[in-house]
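Not measured: the values here are computed from a predicted model.
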Amino acid sequence: MARTWLHLTSSFLIVCCVIGFLISTVVAENHQRPPTVLPLSLSSRNHSLHRHVDNLRRRLFQSKLSGSTPNARLRLYDDLLSNGYHTARLRIGSPPQEFALIVDTGSTVTYVPCSSCSHCGNHQDSRFQPEMSSTYQPVKCNPSCNCDDEQKQCTYHRRYAEMSSSSGVLGEDLVSFGNESELMPQRAVFGCENVETGDLYNQRADGIMGLGRGRLSIMDQLVDKGVIGDSFSLCYGGMDVDGGAMVLGKIAPPPDMVFSHSDPFRSPYYNIEMKEIHVAGKRLELPDGAFDGRHGTVLDSGTTYAYFRRDAFAAFRDAILSAVHFLKRIPGPDPNYNDICFTGAGRDVSQLPKIFPQVEMVFNNGKKLLLSPENYLFRHSKASGAYCLGIFPNSESTTLLGGIVVRNTLVTYDRSNDRIGFLKTNCSELRRRVQFSGAPAPTPLVSPSKDTKMEIPSVLSPSGSPSNVLPGSFHVGFITFDMSISTTDSNLKSILKELTELISEELEVDNSQIRLLNVTSQEKDYLVRWGIFPAEPANYISNTIARSIILRLRDHRIQLPERFGNYKLMEWNAEPQRKLTSWQHRFLIMLVGSVTTLILSLSAIGIWLVHRQRQQTAYEPVGASIPERYLQPLQS
């Protein structure tokens, strides 16, 4: 009996080994296609092959459009210094429900308070009521979004530098831009807020109009529909002047407009290439790259003032103080801030250029943008004829230019050509005078510079498309990326846990999809490998989500707080979905069938052998004599 079972067990092990070998062969053949691996290094600013894949697609699509695409022309409201922002009026739903939304180039989603909001402040208008709109539709839960607890509707979450946040569900409805707009109402996805915190809770404006780069941005949605050109323009009123104008879509660039290259690969924000600053004709003595840290020089319409790197701020402050040494210094309007303020300049804003120095921003291409005193000063709210410096030190290396820097300046975000243009003009009058393609341009406020020529980057041709970013037939099984971290915090476990949550927010995936794969360390430097896996029950990541994740990784869009120390994204790796070919699939089915048959056969043989053994066993009656050969003598 023991020998029989030994033979059966040996046979079974041999069969298992053969099966394992065959399966490993199938898997190995299935992985002959190498994974897509790219280094995550910053590109040269002028390297046209490193364009955003979405930009390429839009450019090819835009090239097929006629030159007569309509524009959305909107009036801007509110005072930049009093409110800290400008708003536009947007109408959502059928019948339309109107909202005052902050125009924000640093945000990628448009959202308004929802009637179901559990924690929203008292704002300018009533909350959006989805049930009152006959055209409203919730964005149903799908593999391309994060979902609510009931797995029914897509959600969004945004957190800002000042620690305010907004979260809610995504809906789709008709969005209209007012009677002054040529653009007809369009269906668009927007956020319906359920919770808002911080400044978003306390502000008067209803919500945010996101104009940044991102698939939920109102600009990206309109451009993807082909209803406007891939460009928009903003023009803020001057000191003591409310409002301004905004145009979604292309306008003819004025001949005197000064352009700077804007690199979408460098940063998810709208950046320009600022080389240096001149005050009263003298260059600030700063090291090369003073305005080129981290994200470079960023334009953010949702920010009020400007923020320079500490050494750049100190040099700028000292230059201004030296130029107006004859003015009396006074405390700022808010004792909580150490503002640099002056009195004795008079109330007439038009006379300020005679007292305060001229400032020039010089771009890498040599072009210059003249800044008037109203572009770096704000009026003291408690002292007549007094003004304060609107430039402040930034704790980070990024240079941030808020709305104050572009007052009475037409700023054109020409996304299709990766450039941003500037023209000094009277923005209060621009709403009545702005013209569309082929029409006269706005009148400049200052005498045009003689040096107004610039080289416009050529449109990327189809042959320039990056061939290594997810071809259409490529299904992603999972994505890995390596991150180098240098930190003095000894509690690595808590850091990695918080990093997981932040990365999931930055990449807009669920926490459960982010997994820590490996950590290696050398003193205070760590190399961390992360994995991004499909959301259950899917067995692969959809191309839409995969492209979004990879482009965010490749474009260095993961922004982490500085408390995590220095970090660098090294490379990403997209593993294909593990699919079997048709013959491998058939072979595997046959293999599984054979194994099942073999196991059943072995089980049947084993049962038969046990049954046979039991039948052959003789049982002696109780008390029967035992043969002597079975008796063993007792050892005394």
Shortest non-hydrogen pair, Asn271 vs Ser267, comes out as ND2-CB, 3.5 Å

Could you walk me through whether Arg215 and Asp220 pass the side chain to side chain contact (heavy atoms under 4.5 Å, CB included) test, one step at a time?
CA-CA 6 Å; Arg215 56 192 177 93; Asp220 285 53; 5.8 Å; no

Centroid separation Phe99 to Phe190 less than 6.0 Å
no

Please check: side-chain N/O of His278 versus main-chain N/O of Arg283, any donor-acceptor pairing under 3.5 Å?
no

What pair of heavy atoms forms the shortest contact from Phe356 to Ala345, and how long is it?
CE1-CB, 3.9 Å

Answer yes or no: is there a donor N or O on one side and an acceptor on the other, between the side chain of Thr108 and the main chain of Gly212, under 3.5 Å?
no

For Arg187, does its backbone N or O pair with a side-chain atom of Lys225 as donor and acceptor, under 3.5 Å?
yes

For Leu377 versus Arg407, what's the shortest heavy-atom pair and its separation?
O-NH2, 2.8 Å

Between Thr304 and Gly84 (side chain of the first, backbone of the second, donor and acceptor by atom type, cut-off under 3.5 Å), is there such a pair?
yes

Shortest non-hydrogen separation from Thr87 to Val103 and the atoms involved
C-CG2, 4.2 Å

With no hydrogens and no angle check, just 3.5 Å: does a side-chain donor-acceptor pair link Ser166 and Tyr160?
no

About how many Å separate CG of Leu369 and CG of Leu423, when rounded to the nearest 0.5 Å?
9.5 Å

What's the separation between atom CG in Asp104 and atom NE2 in His86, rounded to the nearest 0.5 Å?
13.0 Å

Would you indicate whether Asp348, at its atom CG, is surrounded by more than 12 heavy atoms from other residues, nucleotides or ligands within a distance under 6.0 Å?
yes

Please answer whether the main-chain N or O of Leu400 pairs with a side-chain N or O of Tyr305 as donor and acceptor at a distance below 3.5 Å.
no

Do the two ring centres, one from Phe308 and one from Phe291, sit under 6.0 Å apart?
yes

Where is the tightest heavy-atom contact between Pro333 and His380, given as atom of each residue plus distance?
N-NE2, 3.4 Å

Closest heavy-atom contact between Leu371 and Met361?
CD1-SD, 3.7 Å

Go through it in stages, so that I can follow the logic: the residues are Thr303 and Val298, the test is side chain to side chain contact (heavy atoms under 4.5 Å, CB included), and I'd like the CA-CA distance, side-chain angles, deciding distance and then a yes or no.
CA-CA 10 Å; Thr303 297; Val298 173; over 6 Å; no

Hey, are Arg415 and Asp230 close enough for a salt bridge, meaning a charged N less than 4.0 Å from a carboxylate O?
yes

Backbone of Thr399 reached by a side-chain donor or acceptor of Thr297 within 3.5 Å
no

Closer than 3.5 angstrom, by distance alone: can the side chain of Asn83 be matched with the main-chain N or O of Tyr85 as a donor-acceptor pair?
no

Phe392 and Tyr337: aromatic ring centres closer than 6.0 Å?
no

Tell me, with the steps shown, if Leu200 and Arg158 meet side chain to side chain contact (heavy atoms under 4.5 Å, CB included).
CA-CA 11 Å; Leu200 293 175; Arg158 291 295 184 272; over 6 Å; no

d(Ser397 OG, Asp311 CG) to nearest 0.5 Å is 10.5 Å

Look up atom OG in Ser262 and atom CG in Leu299, then write down how far apart they are to the nearest 0.5 Å.
8.0 Å

Give a yes or no answer on whether the side chain of Ser372 reaches the backbone of Glu374 with a donor-acceptor pair at less than 3.5 Å.
no

Give the intermediate values and the outcome of side chain to side chain contact (heavy atoms under 4.5 Å, CB included) for residues Phe342 and Ile355.
CA-CA 11 Å; Phe342 315 89; Ile355 302 172; over 6 Å; no

So, the side chain of Gln221 versus the backbone of Val189: is there a donor-acceptor pair under 3.5 Å, distance only?
yes

Is there a donor-acceptor pair closer than 3.5 Å between any side-chain N or O of Asp206 and the backbone N or O of Leu101?
no

